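Because the structure is predicted, anything quoted here is derived from the model rather than measured. Basis for what follows: all heavy atoms, side chains included, without hydrogens, waters or symmetry-related copies. In what follows, chains are A, B, ... by sequence order, proteins preceding strands, each numbered from 1.
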Amino acid sequence: MKKSVILGALTVAGLAAGAASAATLDDVRARGKLNCGVTTGLTGFAAPDANGVWEGFDVGMCRAVAAAVLGDATAVEFVPTTGQTRFTALASGEVDMLARNTTWTFSRDVDLKFEFTGVNYYDGQGFIVPRSLGVSSAKDLDGATVCIQTGTTTELNLADFFRANNISYEPVPIETNAEGQQLYLAGSCDTYTTDASGLAATRATFENPGDHVILPEIISKEPLGPLVRHGDNEWGDIVRWTLNALVTAEELGVTSANVAELAAGPTGNPEVNRLLGTEGELGAMLGLEADWAVKAIAAGGNYGELFETNIGENTPIGLARGLNAQWTEGGLIYSPPFR
Amino acid sequence: MSTTDLSYVRTEMLPQQEPPLAEKGVFKWMRENLFSSWINGLLTIASLVVIYVVISTLAPWLLNSVWDANSLTECRDILAEQGLDSHGGACFAVLGDRWHQLVFGYYPSELYWRPALALVIFLAGLAPVLFTGLPRKMLILTALVPFVAFWLLWGGSIWLPVSVALGFVVGFLALKFLTPIVGTLAGTILIFVLPILYWLFVAGPLASGLASAVPIEIQFVESRAFGGFMLSAVIGLSAIVLSLPLGILLALARQSNLPIIKYSSVTFIEVIRGIPLIVWLFTAQLLLNYFLPPGTNFDLTLRVIIMVTFFSSAYIAEVIRGGLAALPKGQYEGADSLGLNYWQSMQLIVLPQALKISIPGIVNTFIGLFKDTTLVVFIGLFDPLGIASAVRATTDWNGVYWELFIFIGLMFFIACFSMGRYSLFLEKKLQREHR
């Protein structure tokens, strides 16, 4: 009986295989839903709320793409993936895009045959220490015990950093962020190291967040961004330019509050007009409606709004814009022009 | 001579004296059981100290627990108002806020009655199997349960489970009418081949045809919405129900005289059993995705159920093989000498005894299997532990650990303990040797 289910599935799969995989955009449209790979839960970036509705910074990216393509920000099927299953889920077509705070690296881009469509968060590995330790720089951590997640790039970065500075440390291996948090609070390690955004989110949950400091040194580059499969450049363009639209919207002052008004008719700023589809044919070039960017921005706001609602300084996580400020304000967030 | 002269003879019984204080009641019990020697006395005192320390730490934490709050910060504020620090009391409010996710996952909340009803029907269908006192007619209900439960859980058109169930009817008809005509061997092959052909080529069109002719359907729920204990129960119970018959078949096949059957069974059991379950789960999640053509949507939960079933059936097969091996050879020979054919002798003589011997091992495997369902968290399914991390991933509840783990542990304990108790009950009831 079970054999027959597998055989049946194989048969069905064989028939379906011809149609699938060619044009992701057509698949998404036919399905009426965007399959978006997210984490199984990361504070501020993606997590289901009490009603099971996904929320977060990465989730906002998925919703913007769904809004741009399908005109409906809720037409997203969130596929939770773990660190091990995320790339297979994307490669096998289980998800159309991955917005799972994944670091853009050479091998992932080239060897795993994915296409990173931009960077939506510049992260980097940092250290958190109790204020009582009296440490003000990571270079003072000579001989410290460090809680570190095993099998991650953070482990390698840590070794590199300490060797480069010619100081020693004693690793306390942990499996998950939850474990690291517990061990650090229990005093089993002097410092806990992981991505700075993760440290901020972790610190926000402490009873007295003020008793802990995140050290200024950022010892690695972790550009996080959405990614798609190789081989469907049209789809990659849609995801890339949706992200760029959100960034440009912030730069041009287009927000979810005023986007409907600005899109009602041509404004004095030609780039706003091109972005919002009241001038030019940019939407049609992507194979989308003219107002694709309007819908994407209306879904969750522009890049800055997404940042502020989910991880910004007014949230419990309280991340400063830092590197993730617009290029006009000293950050790295920069979109090519809409032209 | 009157008895009164015998002044030295007692005329009435003395009233019974109380035994000495040290020889009665709680003191005697304590002296005999707790302080019978100095080393026992030391151990008793040491144990009391440990018990006191545990209780005095845990009791305030449990007694001061907060049951009504919307976030961990709120919990801490309430505790602070009572002059306690954050470790002074548990924050069970997280259960009040999120219990529905821990139990049902992301199943639509207006449809919670469906999994609940499915569980009731499942237990009702299981009852005649578990308790032989119930009327045998109820077994008909048992046969229908998998299909009704499937329909309730996933929803959609009623004709899909109906047309799949018809496959078994096809097999039954083949057994009833074809076997007498074509003979046992050809009949046995047909019993398996006809339903499979039916499922492959007839069931699908039949279901969609009926669905368009007589649309009876309830809201379809994707298996991605399944989570929490409901997911554990769906995976665990389906695997338990499916793996027992499969395990029995494998055990019998392993003892077969026919080399092909025997060696395919041995290979299956050894391969499945020789590789950890987590690897099989990754295979289900990752490798199958590469083998199946892109765009295929072969339900992940179904893949996991199949893998877990295979895994536990390999273990069950070995447990039952132990039972078969424990039967004296005379039982097999006796069955043969009665002129019973293979299936009759297995069904009437061998298996009832072998299964009875295997009960503790079988239940042991099932308990292990049920707890192993938590491994699916590693392939991105939301089992109770996965839900717990997802709950912690919200800013409201980030930092809540013990309260969630205690709840999850308690639920698993209840399920596994009941299974263990049932196995003891069954063993007692089936005890034949010493009465």
Task: Any residue of residues 102-111 of chain B which, by heavy atoms, sits under 4.5 Å from chain A - done: B/Tyr106
Open item on the list: Taking atom CG as the centre, does B/Asp68 end up with more than 12 heavy-atom neighbours from other residues, nucleotides or ligands that are less than 6.0 angstrom away?
Closed with: no
Open item on the list: Counting only non-hydrogen atoms closer than 4.5 Å, does A/Phe78 touch chain B with its backbone (N, CA, C, O), its side chain (CB onward), both, or neither?
Closed with: backbone
TODO: Could you tell me which portion of A/Glu55 (side chain, backbone, both or neither) has an atom closer than 4.5 angstrom to a non-hydrogen atom of chain B?
DONE: neither
TODO: For chain B, find which of A/Pro316, A/Pro48, A/Gly41 contributes the most heavy-atom pairs closer than 4.5 angstrom.
DONE: A/Pro48
Open item on the list: Other residues, nucleotides and ligands only: do more than 12 of their heavy atoms fall within 6.0 Å of CZ on B/Phe172?
Closed with: no
Open item on the list: Counting heavy-atom pairs under 4.5 Å with chain B, which one of A/Thr81, A/Thr85, A/Thr315 comes out on top?
Closed with: A/Thr85
- [ ] Check whether any side-chain heavy atom of B/Phe382 lies under 4.5 Å from a side-chain heavy atom of A/Thr40, and answer yes or no.
- [x] yes
Open item on the list: How close do B/Ala390 and A/Ala47 get, counting heavy atoms only, and between which atoms?
Closed with: O-CB, 4.3 Å
TODO: Pick one of side chain, backbone, both or neither for A/Ala204, based on which atoms fall under 4.5 Å of a heavy atom in chain B.
DONE: neither
Task: B/Arg224 and A/Val79, any side-chain heavy atoms less than 4.5 Å apart - done: yes
Task: Distance, nearest 0.5 Å, that separates CD of B/Gln101 from CG of A/Asp49 - done: 7.5 Å
TODO: Measure B/Phe282 against the heavy atoms of chain A and call it side chain, backbone, both or neither at under 4.5 Å.
DONE: side chain
Open item on the list: Would you compute the distance between atom CG of B/Asn398 and atom CD of A/Gln181 and round it to the nearest 0.5 angstrom?
Closed with: 5.5 Å
Task: Approximate separation, where rounding is to 0.5 Å, of B/Tyr401 OH and A/Glu179 CD - done: 10.0 Å
Task: Separation between CG of A/Asn310 and OG1 of B/Thr395, rounded to the nearest 0.5 Å - done: 9.5 Å
TODO: Identify which part of B/Val377 has an atom lying under 4.5 Å from any heavy atom of chain A, answering side chain, backbone, both or neither.
DONE: backbone
Open item on the list: For B/Phe378, is the CZ atom crowded, meaning more than 12 foreign heavy atoms sit under 6.0 Å from it?
Closed with: no
Task: Proximity breakdown for A/Val53 and chain B, heavy-atom pairs closer than 4.5 Å - done: neither
Open item on the list: Between the side chains of A/Glu207 and B/Arg76, is the shortest nitrogen-to-carboxylate-oxygen separation below 4.0 Å, so that they form an ion pair?
Closed with: no
Task: B/His100 side-chain N/O to A/Asn51 backbone N/O, donor-acceptor pair under 3.5 Å - done: no
